[in-house]
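This report concerns only the one structure given below.
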Amino acid sequence: MSRVMIKNLGSFIGKKVKVSGWLYSRTSKGKLIFLLIRDGTALVQAIVSRQMLSEEQFNLADKLTQESSLELIGVVREDKRAVGGYEIEVESLRVFQICENYPISPKKHGVEFLLSLQHLWIRSQHISSVLKIRAEIISAARNFLNSRGFYQVDTPILTPFACEGTSTLFEVEYFGEPAYLAQSGQLYNEATCMALGKVYTFGPTFRAEKSRTRRHLMEFWMLEPEMAFVEQEENMVIQEELIYYIVSEVLRNCSNELAILKRDISLLKKVQTPFPRLTYSQVVEILREKGFDIKWGDDFGAPHETAISSLYEKPVFITHYPASIKAFYMQPDFNNPELALCADLIASEGYGEIIGGSQRIHDYDLLKKKITEHHLPIEAYQWYLDLRKYGSVPHSGFGLGLERTVCWICGLSHIRETIAFPRMLDKIYP
RNA sequence: UGCUCGGUAGCUCAAUGGUAGAGCAGGCGGCUGUUAACCGUCUGGUUGCAGGUUCAAGUCCUGCCCGAGCAGCCA
């Protein structure tokens, strides 16, 4: 008999099926035992009654503990009393292992305890649901970009230089020379998009900052599209279309997971294009009216982003930051070189920045001047300057922080729940 | 790195300076419709570590360790 995944049981009503999984919980009424089984796709209740099974099999079912691994055969039937609406009347049972003393009970636990058992915590309904939504977000983003003619190009993790200064990078030894773990694939993508037109990198990035907040991880995944012949306006339109597509795909394909997470999907349904746009200068003015002590030229902190986010029910772009507080490669506004042609996308509901993007400088002399002004080693950027020497074109791109996006769409309170094994300050086990 | 809060049974927590407790998990017994079942019963402790005050410290004081929240930092 072939195995049926639990989420598909609805198509097998009245039929005999085989289900394999782990025991999520068990309750017994003496001669009637209720087993709640998980197989990674969903939960189903299985009924074991003394009438249906041999004495030996019944006693085996009675001994099952949380997370014991098993396989059972039985008939599927609809029953409103059961979780998910279906249940299986067990006819035979095979146990792979009786699990002893599983440490995580289905009660509430503290964060420290759960993090020390991360390899088991991921089995919980909560974390499993987040990981499924994460997979859907990645899948949707890839579908979106692939269907629009982007090529995925993988850029190196081991890099010879810092993108902008070395203080935030993890240093490793590369055959006796210092090397650094990538904090972005963008500069390489500027090269690959001159080869392939439209590209994206999706991979891990690393920051050695001593950040200890609910928004930071030391290792996180970033989606970084880069497009030749695309200027900032078109760049922003692609960003909002991408975010809209991701959210609508999650709503379409992950309703069970969103329900388990108790996510208010009416808020996600409001994420429709176009997204509101504010300039940096407008934001400073709004913040000052709200009583924040901030002046033109200061960068925004988390409380500022939250305040702006609360103005709208959709993500909001903040554009035209002062060039002085942004990266060296950003194209200055052609009308006002004090400003950069850039935008940060602030997620709704106070979740903060999920995208940072900009048009890149394509003029050789201007880029060289910026590198010098930022006191960056010009030798390290020779190859990057070459891109402006040989057939330079206007180009733009952005970086989407995957975990922050997952955090927002799932409505979580902490980014550590968005990745199977979070790397946090002073915490790298397991 | 700074500020704040915390560390008591496997877990979640309680305990006026005066006998360290409950619920859950686990063991045993009961129950044919449970949803974090229920009922009975049993097991379970170096109160983070070190020192100090006191007749007496989980509780007060000092130092340290660990964690959490917030901020800073942060393409």
Side-chain angles (χ1 to χ4, degrees), chain A residues 24-36 43-52 58 62-63 65-67 77 79-85 87 89 98-117 120-121 125 162-165 167-169 182-187 189-190 205-218 220 222-224 226 299-306 321 323 325-330 340 342-345 352-358 360 374 397-401 404 413-416 424-427:
Chain A
Y24 199 74
S25 69
R26 176 178 68 93
T27 175
S28 166
K29 284 285 292 179
K31 296 189 180 69
L32 187 65
I33 302 168
F34 298 89
L35 304 175
L36 198 57
L43 288 176
V44 69
Q45 173 168 288
I47 310 296
V48 178
S49 68
R50 189 149 257 173
Q51 299 161 345
M52 297 289 294
F58 184 85
D62 203 34
K63 278 196 307 193
T65 52
Q66 190 187 354
E67 289 302 311
R77 64 183 181 209
D79 193 314
K80 284 183 186 141
R81 293 170 294 187
V83 174
E87 64 182 23
E89 186 151 22
I98 300 283
C99 172
E100 286 182 29
N101 299 321
Y102 188 68
I104 306 178
S105 69
K107 309 294 178 190
K108 73 172 181 181
H109 297 285
V111 170
E112 184 181 1
F113 174 73
L114 291 170
L115 286 175
S116 73
L117 295 168
L120 302 177
W121 189 23
Q125 285 261 278
C163 189
E164 302 168 61
S167 60
T168 65
L169 300 187
Q183 67 169 0
S184 166
Q186 181 204 313
L187 300 191
N189 263 343
E190 290 185 57
T205 50
F206 306 88
R207 302 271 167 87
E209 279 132 20
K210 302 262 182 190
S211 299
R212 225 180 73 84
T213 80
R214 60 175 71 195
R215 298 179 308 279
H216 290 86
L217 292 170
M218 305 302 112
F220 64 97
M222 201 150 57
L223 179 76
E224 297 180 284
E226 194 73 27
D299 205 352
F300 301 136
H304 305 125
E305 289 182 354
T306 303
Y321 281 74
I325 57 172
K326 286 291 181 182
F328 75 94
Y329 50 72
M330 289 188 181
C342 67
D344 286 351
L345 185 66
E353 180 187 346
I354 53 171
I355 288 181
S358 73
R360 327 300 193 188
H374 281 76
F398 60 96
L400 178 146
R404 286 184 178 181
S413 58
H414 203 295
I415 200 166
R416 65 184 162 223
M424 296 182 295
L425 192 59
D426 299 325
K427 182 164 290 190

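Below, read A as the first sequence line, B as the second, and so on, with proteins coming before strands; counting in each chain starts at 1. Only heavy atoms go into these numbers, but all of them, side chains included; no hydrogens, no water, no symmetry mates.
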Checklist entry - What is the distance, rounded to the nearest whole Å, between atom CD1 of A/Ile355 and atom P of B/C74? => result 21 Å
Checklist entry - Is there a side chain to side chain contact (heavy atoms under 4.5 Å, CB included) between A/Glu67 and A/Leu120 once you walk through the steps? => result CA-CA 10 Å; A/Glu67 289 302 311; A/Leu120 302 177; over 6 Å; no
Item to check | Residue A/Gln45, side-chain atoms from C-beta onward, closest of B/U35, B/C31, B/G69 | outcome: B/U35
Checklist entry - Any chance the side chains of A/Gln186 and A/Tyr329 put a donor and an acceptor closer than 3.5 Å? => result yes
Next on the checklist: Please determine whether any donor N or O and acceptor N or O are separated by less than 3.5 Å between the side chain of A/Ser211 and the base of B/C73.
Outcome noted: yes
Checklist entry - Of all the nucleotides listed (B/C73, B/A68, B/G33), which has the minimum atom distance to the side chain of A/Lys427? => result B/A68
Checklist entry - Reckon A/Gly110 touches a base, only the sugar-phosphate, or nothing at all at heavy-atom distances under 4.0 Å? => result sugar-phosphate
Next on the checklist: Could you identify the nucleotide paired to B/C28, looking across every strand shown and requiring Watson-Crick or G-U wobble geometry with both distances under 3.5 Å?
Outcome noted: B/G40
Checklist entry - Is there a Watson-Crick or G-U wobble partner for B/U59 with both distances under 3.5 Å, and if so, which one is it? => result none
Item to check | Base partner of B/A15, which must satisfy Watson-Crick or wobble distances under 3.5 Å | outcome: none
Checklist entry - When rounded to the nearest Å, what value does the distance between P atoms of B/G63 and B/C11 take? => result 29 Å
Checklist entry - Tell me, do A/Ile415 and A/Arg404 make a side-chain contact under 4.5 Å, heavy atoms counted? => result yes
Next on the checklist: With rounding to the closest Å, how many angstrom separate the C1' atoms on B/G51 and B/A14?
Outcome noted: 28 Å
Checklist entry - Between the main-chain N or O of A/Val44 and the side-chain N or O of A/Tyr24, is there a donor-acceptor pair closer than 3.5 Å? => result no
Checklist entry - Closer to the 5' end of RNA chain B via nearest nucleotide, is it A/Gly356 or A/Val111? => result A/Val111
Item to check | Closest heavy-atom pair and its distance - A/Gly185, A/Glu224 | outcome: N-OE1, 2.7 Å
Next on the checklist: Any donor-acceptor pair, under 3.5 Å, between the side chain of A/Arg26 and the base of B/G26, if you only look at N and O atoms?
Outcome noted: no
Item to check | Separation of atom CD in A/Gln66 from atom P in B/C24, rounded to whole Å | outcome: 15 Å
Next on the checklist: For B/A68, does the base pair up with any side-chain atom of A/Arg212 as donor and acceptor (N or O, under 3.5 Å, distance only)?
Outcome noted: yes
Checklist entry - Of all the choices, B/U34, B/U35, B/G69, which nucleotide is nearest to the side chain of A/Val83 once you look at every atom? => result B/U35
Item to check | Whole-angstrom distance between B/G17 and B/C61, as gauged at atom C1' | outcome: 13 Å
Checklist entry - Contact class for A/Thr213 vs. all strands (heavy atom < 4.0 Å): base, sugar-phosphate, or nothing? => result base
Checklist entry - Is there a donor in the side chain of A/Arg360 and an acceptor in the side chain of A/Ser358, or the other way round, less than 3.5 Å apart? => result yes
Checklist entry - When only distance counts, do a donor and an acceptor, one from the side chain of A/Arg214 and one from the base of B/G69, lie under 3.5 Å apart? => result no
Next on the checklist: Does A/Glu100 reach a base, just sugar-phosphate, or nothing at all? Heavy atoms under 4.0 Å.
Outcome noted: nothing
Checklist entry - Between B/G10 and B/A36, how far is it from one P atom to the other, in whole Å? => result 26 Å
Checklist entry - So what does A/Lys108 hit on the nucleic acid, given a heavy-atom distance under 4.0 Å: a base, only sugar-phosphate, or nothing? => result sugar-phosphate
Next on the checklist: Considering every strand and a 4.0 Å limit on heavy-atom distances, what is the contact class for A/Asp299: base, sugar-phosphate, or nothing?
Outcome noted: nothing
Next on the checklist: Could you tell me how far apart A/Leu425 (CG) and B/A68 (C1') are, to the nearest whole angstrom?
Outcome noted: 13 Å
Item to check | Length of the NZ-C1' vector between A/Lys63 and B/G27, whole Å | outcome: 14 Å
Checklist entry - If pairing requires Watson-Crick or G-U wobble contacts with both distances under 3.5 Å, which nucleotide is the partner of B/G6? => result B/C66
Item to check | Atom pair distance, as rounded to whole Å: NE2 in A/His109 and C1' in B/C13 | outcome: 13 Å
Item to check | Strand partner of B/U54, provided both Watson-Crick or wobble distances fall under 3.5 Å | outcome: none
Item to check | Separation of the P atoms in B/A37 and B/U43, to the nearest angstrom | outcome: 24 Å
Checklist entry - Looking at CD of A/Gln183 and CZ of A/Phe220, how far apart are the two atoms once the value is rounded to the nearest 0.5 Å? => result 8.5 Å
Item to check | Listed nucleotide nearest any side-chain atom of A/Arg81, set B/G67, B/U12, B/U34 | outcome: B/U34
Checklist entry - Within this structure, what is the CZ-to-P distance between A/Phe113 and B/G48, rounded to whole angstrom? => result 18 Å
Next on the checklist: Does the structure show a Watson-Crick or G-U wobble partner for B/G45, both distances under 3.5 Å? Name it, or say none.
Outcome noted: none
Next on the checklist: In this structure, how many angstroms lie between the C1' atom of B/A68 and the CG atom of A/Leu115, rounded?
Outcome noted: 10 Å
Item to check | Pairwise P distance for B/A22 and B/G44, with rounding to whole Å | outcome: 12 Å
Next on the checklist: Please determine whether a side-chain nitrogen or oxygen atom of A/Arg215 lies at a distance below 4.0 Å from atom OP1 or OP2 of B/C73.
Outcome noted: no
Next on the checklist: Could you check whether A/Asp299 and A/Tyr321, counting side-chain N and O atoms only, form a donor-acceptor pair closer than 3.5 Å?
Outcome noted: no
Checklist entry - Quantified in whole Å, what is the C1' atom distance between nucleotide B/C66 and nucleotide B/G72? => result 22 Å
Checklist entry - Any donor-acceptor pair under 3.5 Å between the side chain of A/Thr27 and the base of B/A37? => result yes
Next on the checklist: Among A/Asp62, A/Val48, A/Thr65, exactly one meets side-chain contact (heavy atoms from CB on, under 4.5 Å) together with A/Arg26. Which residue is that?
Outcome noted: A/Asp62
Item to check | Separation between the P atoms of B/G2 and B/C64, rounded to whole Å | outcome: 11 Å
Checklist entry - In the structure shown, which nucleotide is the Watson-Crick or G-U wobble counterpart of B/A20, with both distances under 3.5 Å? => result none
Item to check | B/C73 - base-pair partner by Watson-Crick or wobble geometry, distances under 3.5 Å | outcome: none
Item to check | Residue met sooner reading RNA chain B from 5', once A/Arg207 and A/Pro303 are mapped to nucleotides | outcome: A/Pro303
Next on the checklist: Mind checking if A/Arg416 touches a base, just sugar-phosphate, or nothing, with heavy atoms under 4.0 Å?
Outcome noted: sugar-phosphate
Checklist entry - Across the strands shown, which category fits A/Thr65 at heavy-atom distances under 4.0 angstrom: base, sugar-phosphate, nothing? => result nothing
Checklist outcome for this item: Between NZ of A/Lys80 and C1' of B/G33 the distance, given in whole Å, is 16 Å
